[in-house]
Each structure stands twice: as structure tokens, then as C-alpha cells.
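Right, one structure below, let's go through it.
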Protein chains: 2
Amino acid sequence: MIDDSPRQSALNAPEGVPKAVVNRLSLYLRELQQLTRAGLETTSSTRLGELLGLTGAQIRKDLAYFGQFGYPGIGYRCHELIDQIRNILGTSHTWPVALVGVGNLGRALLRYKGFSLRGFEVVAVFDVDHNVVGSEVEGIPVFHVDELADVMRQRQIRLAIVAVPAAAAQKAADRLVEAGVEGILNFAPVTLSLPANVTTVGVDLAIELEQLSFAVVNRNENA
Amino acid sequence: MIDDSPRQSALNAPEGVPKAVVNRLSLYLRELQQLTRAGLETTSSTRLGELLGLTGAQIRKDLAYFGQFGYPGIGYRCHELIDQIRNILGTSHTWPVALVGVGNLGRALLRYKGFSLRGFEVVAVFDVDHNVVGSEVEGIPVFHVDELADVMRQRQIRLAIVAVPAAAAQKAADRLVEAGVEGILNFAPVTLSLPANVTTVGVDLAIELEQLSFAVVNRNENA
DNA sequence: TAGATTGTTAATCGATTAACAATC
DNA sequence: TAGATTGTTAATCGATTAACAATC
């Protein structure tokens, strides 16, 4: 018989968890979901580390910030660890998300079906273009940005994705802040200036390519 | 008279530059470009730090990995530092880039006009769908993935963007590796297994949202 | 000159790794 | 029991910050 009792729950993160640790947690989650799809019941920190190019020690240390989730001699039960990590990340329940900007990128994000499995669902879209306001895109209603505060309150939206041109991004962010947003995923290639109580994560595609460029150009010297 | 002589050039990065440093370099570049657009000639590490939420000391230390680019008492000449950072990152000349996958995201990336200013240009698109192969998207020719090696050699492509569904990503990466790719920007939510001589940068939108979720949920406790 | 700001060193702080007793 | 693997501690390694002489 396998002991099925739940391990120590970890709803509250201790203070001072490094950002890098939280980022790896997402990687562990993604890989664990992949493993369960492949039919695996359990895995070990060493095995997971091999798949991700990390050491087992680092994985165990990362998890230790939040509690004890493994079984000595056995490893980790995939489903259980998935649930725990989702608890830690706060994605056990689906977050309703606002999308600002229905340009090319915005539409691509709307069509992307991968968010729901990870606990996110775009439930409202905002734009300033009167050609799209009032219509639906991919089944999601498009509102004017003036309605941000109303719709966000009504639908209990706390997170938003900004997918507008660089020149419009700060203004969009300001409106979101007014409307009480708590976190912004920003695709515009600018640094947003935001109050300290709003979290922002930026994704700049050019920056990612620059990192690639640097690595490729300097590969030989660093060998 | 302002001394206009170029500072020490920095074509080769010293060994062991932390990844975080290179990432910040991209941030400095982006912000400097913004400043020049606003008409500024010079700036200081302190000012730049304020804009980016970093300390001046960190910026000076980061730059010191690569050379001396500033003027005591004056700061940095924006245009000059922009050129130097582009040199360091390897984006002084435009990289021709391959895009694999012309789905929603692929098309959105093709329509995005921001790459060229930063030194990247998608010059060839690859897919397996015979409905698009042979056509053009946004003026860029679409080839079958079987032609990867040929086209990449011919157009001297070293970097590629993978924008295919998760299930097809590893296969696409394998083909790129066969064709001699040196760097891959991967948008599929999977860890690619690649030889050590190929660099990969991954962008997973769900992971970014998870980081946001964690930060928002844990904001109060960590205050 | 006085004021500003760099580049660099030393001190501090934080993250990763290695090792191993405890556990299954 | 023997083998495997965890959680955790201590040691190592790396990154950030603060301070300041040198410079313009």
C-alpha cells in the first residue's frame, strides 16, 4: 500500500524566495505535466534535473523553500507535486485575464489554447479602435478601454496582458492601474513606470534574440 | 570641444560574463534608444538606473565587463554607448533569421516591425502545410521544412525562431540542428533537447503569467 | 576651482553545490 | 536488508552594493 496522505501544504511562500527559484518552479511544473502525459507516476530530482539541464540538488533545494513534497527512496509523485506547485504559484484556480490590444500579437494570444491548462483564461479584450470595440474576437467580447474599470470589477480581473504598440503601452498601463490591476504581462518593448503595488513581467522579443546573438557570437571564445 | 575619439572597442566578450549581465545590457540598449529618440545626447549611470529600477553601480559594473565607455564627470554619450552595446551583443549588422511555423503566433511575429531596428530580419519561413508552402506571408517566402538546409546555407541563416505547436517543436528543432542552426528562439512550451553547440532561448507565455500570479498572491506576505 | 561622474576595489550579500544522515 | 532518494547543512561560488580615488 502506498501512503497517500498529503504532504505539508504550502499556500504561503516564505519571505525572500529568489525570483530564479519561482521561475524554475514553472519549469518543473511544465516538465512534470509532460511526464504525466507520458504515463509516469513518479520521478526523482535527478531525473527531472537531467531533463531540464539542472542538478538534482538544486531542484530539492528549490522545493525546500516551500515544504516537503518528496518521499525518500522513492522520489516525487508527479500528480501530487504538480498540485503542490500549482498551489505555490497560485494557479490552482483559473485566473480571469484582461487583454489590452487586439493587433496581430493580441489576436495570436487569443487564439493560443495553451493558457487554460496552466490556469489562465482571457475573458475580456480592450482596445481603442471603434472598428473592433463591441465585437467579439475568438468569442471574447471587445470593450473600449474606457470600460476597463467597470469590466475588471465586474469580472474580478486582477491580471492583464498589454499587447499594444510601444508608444501606447504606458498609457494602457496607466489605465489598468487606475482600474486596480495587480499584475501586468507587458509585450511592448518599453519599461513601464508603475506603482510599487503593481507587478510587471516584460517579454521583449528583440531582447530574446539579442541574448541569442550574444551567445552565438561568443560561443567559441568562452569554450 | 568635445573629445570625439572612440572608446576602447569590445568585440570579444571576456569569459564568464553572467547571463543576467547580458540581459541587462539589452535593457540598457532599449532605454538608450528611447532616450536618443527623446533628443538626449548624454546620460549617467544613475539616471539610467532610475529609469530601469537599478543602481548606477550595477550598470557601471556591468559595462566594466566589456570596457570603458563613459566619461568621468559627464556620463555616457548615448549614441556611442548604443553602438558599443550593439557591438557587444553582436547586433551591429542585421542577422537574417528563419521562422519555423506560420500559425497565429508565426504570422504575428512576421507582422511585427520592431525586429529590424534591433538587428534582426526574418528572411525565410518554413512550414509543413502544403497550403502555405510556396506562397508568401508578409512578403516573405514560405518553404517546406525539407528545404531548411538548402535555404539556410544559401541565405547564411544562423538563427531561427520556432513557433510551432508543442508536439512538433522537438522535431522542428532537430531539423534546424541538422541544417546547422546555431541559435533557436523557442516559443513552444517544451524543453528542447539540443546539442551543446546550439544555443536556445525559450519564451513560454504561461510561465510568464505564472510568475505574475506568484508575485500577486505573495505580495502582502512579503511586504 | 567646484561639482559631477566614472571605473574599480573591497565588503556584503545571496545562490548553488556537495555531502550525508534520515528515511522509505 | 540493500538500494535509492529525500531534505538539510556547511562549503563554495558568484553577484551586487558601497565607497572612493581618478578624471573631466
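Convention: sequence-line order gives letters A, B, ...; per-chain numbering from 1.
In this structure, OH of B:Tyr71 is placed 17 Å from C1' of D:dA22, rounded to the nearest angstrom. Distance, A:Arg47 CZ to D:dA4 P: 16 Å, rounded to whole Å. A:Leu54 has its CG atom 13 Å from the C1' atom of C:dT17, to the nearest Å.
Nearer the 5' end of DNA chain C, as judged by each residue's closest nucleotide, is the contact made by B:Gly73, out of B:Tyr76 and B:Gly73.
Separation of atoms CD1 (B:Ile59) and CG (B:Leu48) is listed at 4.0 Å; rounding is to 0.5 Å. Of the inter-residue distances, the one linking A:Arg118 atom CZ with A:Arg86 atom CZ reads 8.5 Å to the nearest 0.5 angstrom.
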Show each protein N/O and nucleotides 14-16 of chain C N/O combination with a separation under 3.5 Å, one pair to a line.
{"residue": "C:dT16", "atom": "OP1", "partner": "A:Arg24", "partner atom": "NH1", "Å": "3.1"}
{"residue": "C:dT16", "atom": "OP2", "partner": "A:Arg24", "partner atom": "NH2", "Å": "3.0"}
{"residue": "C:dT16", "atom": "O5'", "partner": "A:Gln58", "partner atom": "NE2", "Å": "3.2"}

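Evaluation of the salt bridge (Lys or Arg N to Asp or Glu O under 4.0 Å) rule for A:Arg153 yields A:Asp150 as partners, not counting sequence neighbours. Shown here are the salt bridge (Lys or Arg N to Asp or Glu O under 4.0 Å) partners of A:Arg60, two or more places apart in sequence or in another chain: there are none.
Side chain to side chain, A:Tyr71 and A:Glu80 meet the donor-acceptor criterion of an N or O pair below 3.5 Å. In this model, a donor atom of one side chain and an acceptor atom of the other lie less than 3.5 Å apart for B:Glu210 and A:Ser26. B:Asp174 and B:Gln170 share a donor-acceptor pair across their side chains, judged by distance under 3.5 Å alone.
Using a 30° and 60° split on the angle between ring planes, B:Trp95 and B:Phe120 fall in the parallel class, below 30°.
A:Thr46 comes within contact range of no nucleotide atom at all, as no heavy-atom separation falls under 4.0 Å.
Pairing analysis of DNA chain C (Watson-Crick: purine N1 to pyrimidine N3 plus N6-O4 or O6-N4; G-U wobble: N1-O2 and O6-N3; both under 3.5 Å) yields stems of 3 or more pairs at C:3-24 with D:3-24.
At a non-hydrogen distance threshold of 4.0 Å, nothing from residues 25-42 of chain A comes into contact with DNA chain C.
For A:Arg175 and A:Glu178, the salt-bridge test fails: no basic side-chain N is under 4.0 Å from an acidic carboxylate O.
The side chain of A:Arg60 places an N or O atom within less than 4.0 Å of a non-bridging phosphate oxygen (OP1 or OP2) of D:dT6. Residue A:Gln68 places no side-chain N or O under 4.0 Å from the OP1 or OP2 atom of C:dT23.
You'll find that the side chain of B:Pro72 is closest to D:dT23, out of D:dT8, D:dC20, D:dT23.
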Can you give me every donor-acceptor pair (side chain of residues 186-195 of chain A, partner residue at least two apart or in another chain, under 3.5 Å) with its distance?
{"residue": "A:Asn186", "atom": "OD1", "partner": "A:Ala188", "partner atom": "N", "Å": "2.9"}
{"residue": "A:Asn186", "atom": "ND2", "partner": "A:Ala188", "partner atom": "O", "Å": "3.2"}
{"residue": "A:Asn186", "atom": "ND2", "partner": "A:Val190", "partner atom": "O", "Å": "3.2"}
{"residue": "A:Thr191", "atom": "OG1", "partner": "B:Arg30", "partner atom": "NH2", "Å": "3.2"}
{"residue": "A:Thr191", "atom": "OG1", "partner": "B:Glu31", "partner atom": "OE1", "Å": "3.1"}

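With B:Phe115 as the aromatic partner, B:Lys113 does not meet the cation-pi criteria of under 6.0 angstrom to the ring centre and within 45 degrees of the ring axis.
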